[in-house]
Protein chains: 2
Amino acid sequence: MAVTIRDVARQAQVSVSTVSRALSAPGLVKEATRQRVLDVVAGLGYQPNRAARSLITGRTGNLGIVVPDLENPFFPSVLRGVQTRAGEAGTSVFFCDSREDPETEAELVRTMAPQVDGVVLCASLLTDDQITDLADLTPLVLINRIVPGVSSVLMDSALGMDLVIAHLESLGHKDYVYLGGPAAAWSNNRRLQGLAGRAQLLGSFEPNFTGGYAAAEQALKTNATAFIAYNDLMALGVLSYLAEHGVQVPQQISVTGFDDILYAAMCSPALTTIAMPTEEAGKVAVDLLASRLDGGPAEVRELPTKLVIRASTRKHPMSA
Amino acid sequence: MAVTIRDVARQAQVSVSTVSRALSAPGLVKEATRQRVLDVVAGLGYQPNRAARSLITGRTGNLGIVVPDLENPFFPSVLRGVQTRAGEAGTSVFFCDSREDPETEAELVRTMAPQVDGVVLCASLLTDDQITDLADLTPLVLINRIVPGVSSVLMDSALGMDLVIAHLESLGHKDYVYLGGPAAAWSNNRRLQGLAGRAQLLGSFEPNFTGGYAAAEQALKTNATAFIAYNDLMALGVLSYLAEHGVQVPQQISVTGFDDILYAAMCSPALTTIAMPTEEAGKVAVDLLASRLDGGPAEVRELPTKLVIRASTRKHPMSA
DNA sequence: CTGAAAGCGCTAACAA
DNA sequence: TTGTTAGCGCTTTCAG
């Protein structure tokens, strides 16, 4: 068996409680004693048994995160932020992929709940009520979603949409169409708000390559000169469809995305898009969770987005 | 407080031990009793406290996975397989990203070890000795790596390389160059073996877009007509560099990758590459871990790869 | 087949 | 400032 707190106590000539305190409430033991204990701890390589500690404190030292699609690079990036910040606090991260399915998402949270101190929900597809219910099970922090009484980290999509439209208009575009994402996605609705009726909405598509591919087909039937995709993955699908059908980007059609995933810079033409502070969002989410666990209030934190202009947008062909 | 085993025992009119047995050793209780207990369990929504159980059994019901770069879609795909299979067994998954750093990788395993029943190590960058040492801490399963005495899941890279070369030769290419990945990566060495001296090796590059971009620059200085990249991410970097420098693919140069990540089909030209059964590998890894925990021996399982021909390869310009 | 009781490793009163 | 003690929720002997 591994080394226990008793082994440390014996060797440091103190009681187990002193060892416990030296480790988790340093202020409560004499400095000299603490040092002696710490030395023994280091010497023996003692690591407190988490299960035992958890049994008493009710805290697990773990946190969970659920994302809708790990294969969308947007989410790994958030995950990195979460891992980084959690790691600093000695917290471990349980991860799950809901595969864009609300049922699965809720189920995953319920499964995780008993073994974590809280869950980060990314781009949740659940209803407000479902989220509120889950929040009773375990502290929740939402990323890109707002529900009353629950902490959130937002990457401003409405502003992002504003930037996109301002950019397109400065290029002389008058007709643009928004290729929508999942109707249940908060980000989609925020983008719609940012749109403020200035562009027509074209349906609701899967937020991935395939969805974009399908959307492009429909978009071509409009007389729009610019396609605004819900996210970069969709935009890549759009580019692919257009290339295959001999439509030149950006000469004939301008295309934009959201997220600024790695591939946005790598595809051809490189994508004009809205950059999101994903990794930062992950970190902030962990902070909000921590503050919540310390009895703090639910908080909403908004992070700025910015426009990244690349090669997929150009002056409107008919304009001056 | 949540409902405990006592609550169940009381309501089912049995002792706690009977409840415990009804749940974890069904054979040891009378069928009727078991049924009564199970009914109460369902009625109360009782879930055994993992920490308490873990304290006794020494098992955590968790498993860990460490990958070098979550932003390479290859790994999310493996993770999905792991999550799927683990979920079926009621096992939770801790995840970590080592950011291609061996030190970090080892540290992560050490941190995870006490809280998991085993760890899956993907494309490890550690030395054999380091891995052997870590295997003393917790059961290990390697993906794309072989170390004596440790279970592995392999996706056959040497075969993959054979397929690539056969393909290129059938197209009339004589001079091809291999743009190598990390020297510490087993996959890289396997691919090198598959190469069997039939192509020159061009250095060792970061296994990502940037690495490929840099590699392309050097590759152009050779007289090779085909570039074989260590992985798809690098191949994408190669495509990007070539496009920016006016080199036509596949008219002037053919390019291949490994992995068949999502973007291999989405880029332009779409990439000829070797498809890897990543999700399956994740599942098998969990199976091997489970069998190991049940006292089974270390096992090596090899999964087949296959060639996916797309638009980035073409007949050698000078050949008939 | 079932129950009583011990105890996993740790923290948190309560005493001293 | 430190030690003693009870007990977190569960599994597992050991009796019956």
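Quick note: numbers below take in every heavy atom, side chains included, and nothing from hydrogens, waters or symmetry partners. Residue numbers start from 1 in every chain, and the chains themselves are labelled A, B, ... in the order their sequence lines are given, proteins ahead of strands.
Taking the side chain of B:Thr18 as heavy atoms from C-beta on, and the options D:dT2, D:dC10, C:dG3, the nearest nucleotide is C:dG3. Side-chain proximity of A:Ser20 to D:dG3, C:dT11, D:dC10: nearest is C:dT11. The side chain of B:Thr4 approaches D:dC10 more closely than any other nucleotide in the set D:dC10, D:dT2, C:dC10. For B:Thr33, counting side-chain heavy atoms from C-beta on, the closest listed nucleotide (D:dC10, C:dC1, C:dC14) is C:dC1. For A:Val29, taking side-chain heavy atoms from C-beta onward, the closest of the listed nucleotides C:dT11, D:dT2, D:dG9 is D:dT2. Which of D:dC10, D:dT4, D:dT1 sits closest to the side chain of A:Lys30 comes down to D:dT1. Nearest to the side-chain atoms of B:Leu55 among the listed nucleotides D:dT4, D:dC10, C:dC8 stands C:dC8.
For the pair A:Ser54 (side chain) and A:Arg59 (backbone), a donor-acceptor distance under 3.5 Å is present.
Distance A:Leu23 CG to C:dG9 P: 16 Å, rounded to the nearest Å. Following rounding to the nearest Å, A:Ile56 (CD1) and D:dC10 (P) show an atom-to-atom distance of 14 Å. Rounded to whole angstrom, the span from the CZ atom of B:Arg59 across to the P atom of D:dC10 amounts to 19 Å. Distance A:Glu31 CD to D:dT2 C1': 16 Å, rounded to the nearest Å. Distance A:Arg50 CZ to C:dT11 P: 12 Å, rounded to the nearest Å. The distance from atom CD1 of B:Ile5 to atom P of C:dG3 is 12 Å, rounded to the nearest whole Å. Look at CZ on B:Arg21: it is 10 Å from P on D:dT12, rounded to the nearest Å. As a whole-Å value, the separation of A:Arg53 CZ from D:dG9 P is 18 Å.
Between the side chain of A:Thr57 and the base of C:dA12 there is no donor-acceptor pair of N/O atoms closer than 3.5 Å.
The two residues A:Leu293 and A:Pro139 make their nearest non-hydrogen contact at CD2-CG, 3.8 Å. Residues A:Ala298 and A:Arg292 share a closest heavy-atom pair of N-NE, 3.4 Å.
If you check every strand for non-hydrogen atoms under 4.0 Å, B:Ser54 touches nothing.
B:Glu103 CD: 12 or fewer foreign heavy atoms inside a 6.0 Å radius.
A 4.5 Å side-chain heavy-atom check between B:Arg190 and B:Leu154 finds every atom pair outside the cut-off.
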